[in-house]
Amino acid sequence: MKQVYFYDENKKFVSYDVIDDTAEFPANATTVEPVDSNGVGLYDPTWNETTNSWDSLTGEEWKKKHTIPEVKPVPTQEEQAAAQQMLAVADLQGKVVTLTSTVDKLSKSNNELNATLAQIMLQNATNAKNGGK
């Protein structure tokens, strides 16, 4: 029994299998394992019939070849409209908070003015009762 490594019509590694020693050796296979001198697997191994060995991409070449560009999702019209509504609601909520604060300050100021006015009126009434003395 021997392990064989298969490649396609472009000489790219596709799979491996074990065949009987007496079996006819496939035309698109080799017994050379697709690993480097340290026994580490190769990047996108390609069979080189001239050198009777596997050629490999570098790690950087493989990453560049197989990197999928980042796809940024585009929001739908409904999502855009919902986002605009959320922004409008947030803006209105901020305005409500500001208005509530302003009304509270005006109410407090009005109460203070009413208290001052009541004191003045009481003083005027007291002065009138005492004959302007």
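Keep in mind the model is a prediction, meaning the values are calculated, not measured.
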CZ (Phe25) with more than 12 external heavy atoms under 6.0 Å: yes
Short side-chain to backbone donor-acceptor contact, Asp8 and Asn10, under 3.5 Å: yes
Verdict with reasoning, Lys95 to Asp91, per salt bridge (Lys or Arg N to Asp or Glu O under 4.0 Å): CA-CA 6 Å; Lys95 288 178 179 176; Asp91 182 54; 3.3 Å; yes
Inter-residue atom distance Thr67.OG1 - Trp62.CH2, 0.5 Å rounding: 8.0 Å
Asn48 (side chain) donor-acceptor with Trp54 (main chain) under 3.5 angstrom: no
Interatomic spacing from CD1 in Ile19 to OG1 in Thr31 - rounded to 0.5 Å: 9.0 Å
Spatial distance of atom CG (Leu57) from atom NZ (Lys63) [nearest 0.5 Å]: 13.0 Å
Main-chain N/O of Val40 paired to Asn38 side chain as donor or acceptor, under 3.5 Å: no
Co-membership, hydrophobic cluster, residues Tyr16 and Val32, 4.5 Å side-chain: yes
Side-chain donor/acceptor of Thr102 to backbone N/O of Thr98, under 3.5 Å: yes
Contact check, side chains of Pro26 and Asp17, non-hydrogen atoms, under 4.5 Å: no
Aromatic ring pairing Trp47/Tyr7, orientation class (parallel under 30°, perpendicular over 60°, tilted between): parallel
Distance in Å, Phe13 CZ paired with Thr46 OG1, rounded so as to fall on 0.5 Å steps: 11.5 Å
Spacing of CG belonging to Asp21 relative to CE belonging to Met1, to within rounding of 0.5 Å: 8.0 Å
Side-chain donor/acceptor of Thr126 to backbone N/O of Leu122, under 3.5 Å: yes
Within-4.5 Å side-chain heavy-atom neighbours: Gln3 and Glu33: no
Gln77 atom CD: more than 12 heavy-atom contacts under 6.0 Å: no
Heavy-atom pair with the smallest gap, counting every atom of Ala29 and Val4: CB-CB, 4.3 Å
Any donor-acceptor N/O pair, Ser56 side chain to Tyr43 backbone, under 3.5 Å: yes
Derivation of the side-chain contact (heavy atoms from CB on, under 4.5 Å) call for Val18 and Lys2: CA-CA 5 Å; Val18 177; Lys2 59 184 155 192; over 6 Å; no
Distance in Å, Thr58 OG1 paired with Leu42 CG, rounded so as to fall on 0.5 Å steps: 12.0 Å
